[in-house]
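In what follows, a single structure is set out as structure tokens and then discussed.
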Amino acid sequence: MFLHFTKMHGLGNDFMVIDLVTQHAHITPKQVKHWSNRHTGIGFDQLLLVEPPNKPDVDFSYRIFNADGSEVEQCGNGARCFAIFVRNKRLTAKKHIIVETSSGIIELHVLPDHQVKVNMGKARFTPKEIPFLAEQQATTYPLVVEEQTIDISAVSMGNPHAVIRTDNLKTAPVQALGSKIEHHPLFPNRVNVGFIEITDRHHAKLRVWERGAGETQACGTGACAAAVTAIQNNWMESPVHLQLLGGKLTIEWKGGDTPVFMTGNAVSVYEGKIQL
Ligand SMILES: N[C@@H](CCC[C@H](N)C(=O)O)C(=O)O
């Protein structure tokens with residue numbers, strides 16, 4: 001049996017996208033890990049599954065697996081690809097698509113020129129919701145890593161993020177400390193780690209070490225987490241324009257429990273089929 005898929009990317013954060021509305025398969029973490037391999041598989045940062053909705057007033061369910069086979073709660077760049085995919089596959093003709101993820105509802109708005117604006121829902125800062133093992137909520141926390149103390153902010157965009165402000169993104173220890181912070185014992189579900197260098201009140205550069213995938217060209221939820229951290233700390237103001245390794249994203253947030261909006265592109269690269 002063959003399973004049809006589409007290879008897509010959002011700013012170089014790349015995905016294998018599978019329609020499980022018209023196809024049927026039970027996909028295992030072992031298969032995901034095998035397919036994600038860039039030498040012996042298809043190669044991707046995340047696998048995205050497009051599934052029928054589980055509740056009324058929702059158009060689709062959206063499941064996400066990291067390259068290491070772990071299932072996760074949210075993927076921002078993937079959400080934009082999801083919108084383009086379901087329209088290209090004629091699974092919907094809507095331009096406003098409501099999607100359920102394991103961490104809640106997100107809303108996708110398809111704009112001209114392959115741009116998609118996503119209502120990512122609210123940012124969550126309480127340690128329990130992230131989850132982060134801190135006794136009290138704070139805007140920054142000292143984290144001891146490799147005998148150094150690093151100031152981090154912690155936020156959930158449905159998935160967990162640590163955000164670190166740096167003066168020089170080129171020399172920031174993304175590769176050296178990314179994995180160590182990802183697996184830090186104070187983050188029981190592991191964590192995505194963003195390093196932000198702020199240029200001015202509306203512009204910044206960002207690199208992200210992703211949980212379960214390593215450093216990627218871009219991370220949508222990482223961009224939301226970095227922007228809300230920068231706004232929350234009064235380092236920046238909305239809209240925040242972020243330059244990632246693979247391109248640009250704009251994040252808008254009015255603070256508090258208001259939703260975080262992310263706008264950027266999504267690209268289909270090729271179609272394929274793989275034997276199960
Ligand atoms: N690339 C994504 C995030 C994918 C999931 C993440 N690695 C996690 O484990 O939470 C994005 O664009 O948001």
Side-chain angles (χ1 to χ4, degrees), residues 7-17 29 32-33 36 43-49 62-85 99 101-104 106-108 115-124 129-132 154-163 174 178-179 181-184 187-196 206-229 240 242-251 253 259-267:
K7 182 75 193 291
M8 301 188 76
H9 77 90
L11 315 181
N13 178 197
D14 62 345
F15 309 110
M16 175 185 186
V17 190
V32 178
K33 202 170 169 183
S36 74
F44 53 80
D45 297 321
Q46 276 88 33
L47 169 73
L48 312 180
L49 301 182
Y62 169 31
R63 288 175 66 202
I64 305 134
F65 292 82
N66 279 325
D68 69 355
S70 55
E71 183 163 5
V72 293
E73 311 88 342
Q74 196 55 274
C75 176
N77 289 328
R80 300 195 314 280
C81 290
F82 192 105
I84 300 298
F85 179 88
V99 174
T101 69
S102 68
S103 64
I106 55 173
E107 292 179 28
L108 320 176
Q115 295 285 309
V116 180
K117 182 170 183 168
V118 184
N119 175 343
M120 297 287 294
K122 62 180 184 181
R124 298 162 196 156
E129 285 179 292
I130 294 169
F132 177 49
V155 55
S156 169
M157 286 307 311
N159 57 348
H161 290 268
V163 179
V174 184
S179 172
I181 300 172
E182 174 189 352
H183 294 95
H184 196 285
F187 289 99
N189 292 352
R190 300 191 279 154
V191 70
N192 299 285
V193 190
F195 293 79
I196 184 170
L206 179 71
R207 286 170 64 188
V208 182
W209 176 273
E210 285 196 35
R211 173 178 68 167
E215 186 176 13
T216 56
Q217 291 286 295
C219 176
T221 48
C224 296
V228 299
T229 295
V240 169
L242 287 169
Q243 177 69 57
L244 295 109
L245 295 178
K248 291 181 180 163
L249 284 176
T250 297
I251 311 298
W253 185 52
V260 181
F261 289 93
M262 170 195 59
T263 307
N265 76 353
V267 178

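We count ligands from 1, going down the list as the structure has it; atoms in each ligand are counted the same way.
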Tabulate distances under 3.5 Å between N/O atoms of ligand 1 and N/O atoms of the protein, writing both atom names on each line.
| residue | atom | partner | partner atom | Å |
| --- | --- | --- | --- | --- |
| ligand 1 | 1 (N) | Asn13 | OD1 | 2.7 |
| ligand 1 | 1 (N) | Gln46 | OE1 | 3.2 |
| ligand 1 | 1 (N) | Glu210 | OE1 | 3.0 |
| ligand 1 | 1 (N) | Glu210 | OE2 | 2.9 |
| ligand 1 | 7 (N) | Asn66 | OD1 | 3.0 |
| ligand 1 | 7 (N) | Asn192 | OD1 | 3.2 |
| ligand 1 | 7 (N) | Glu210 | OE1 | 2.8 |
| ligand 1 | 7 (N) | Arg211 | O | 3.0 |
| ligand 1 | 9 (O) | Asn66 | ND2 | 2.8 |
| ligand 1 | 9 (O) | Arg211 | O | 3.4 |
| ligand 1 | 9 (O) | Arg211 | NE | 2.7 |
| ligand 1 | 9 (O) | Arg211 | NH2 | 3.4 |
| ligand 1 | 10 (O) | Asn159 | ND2 | 2.9 |
| ligand 1 | 10 (O) | Asn192 | ND2 | 2.9 |
| ligand 1 | 10 (O) | Arg211 | NH2 | 3.0 |
| ligand 1 | 12 (O) | Asn13 | OD1 | 3.3 |
| ligand 1 | 12 (O) | Gly76 | N | 3.4 |
| ligand 1 | 12 (O) | Asn77 | N | 2.9 |
| ligand 1 | 12 (O) | Asn77 | ND2 | 3.3 |
| ligand 1 | 12 (O) | Gly220 | N | 2.7 |
| ligand 1 | 13 (O) | Gly76 | N | 2.7 |
| ligand 1 | 13 (O) | Gly220 | N | 3.4 |
| ligand 1 | 13 (O) | Thr221 | N | 2.8 |
| ligand 1 | 13 (O) | Thr221 | OG1 | 2.7 |

Notebook entry, point to check: For Glu71 and Ser102, what are the C-alpha separation, side-chain angles and deciding distance, and is it a side chain to side chain contact (heavy atoms under 4.5 Å, CB included)?
Noted result: CA-CA 10 Å; Glu71 183 163 5; Ser102 68; 5.9 Å; no
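Crowding of Lys248 atom NZ: a count of heavy atoms from other residues, nucleotides or ligands under 6.0 Å not exceeding 12.
In this structure, Arg80 contributes its side chain and Met262 its backbone to no donor-acceptor pair below 3.5 Å. Proximity of a side-chain donor or acceptor of Lys7 to a complementary backbone N or O of Gly43 within less than 3.5 Å is detected.
Taking Phe132 as the reference, Tyr141, Phe187 meet the ring pair (Phe, Tyr, Trp, His ring centres under 6.0 Å) condition, with sequence neighbours excluded.
If you take CD1 on Ile64 and CG on Asp45, they are separated by 13.0 Å, rounding to the nearest 0.5 Å.
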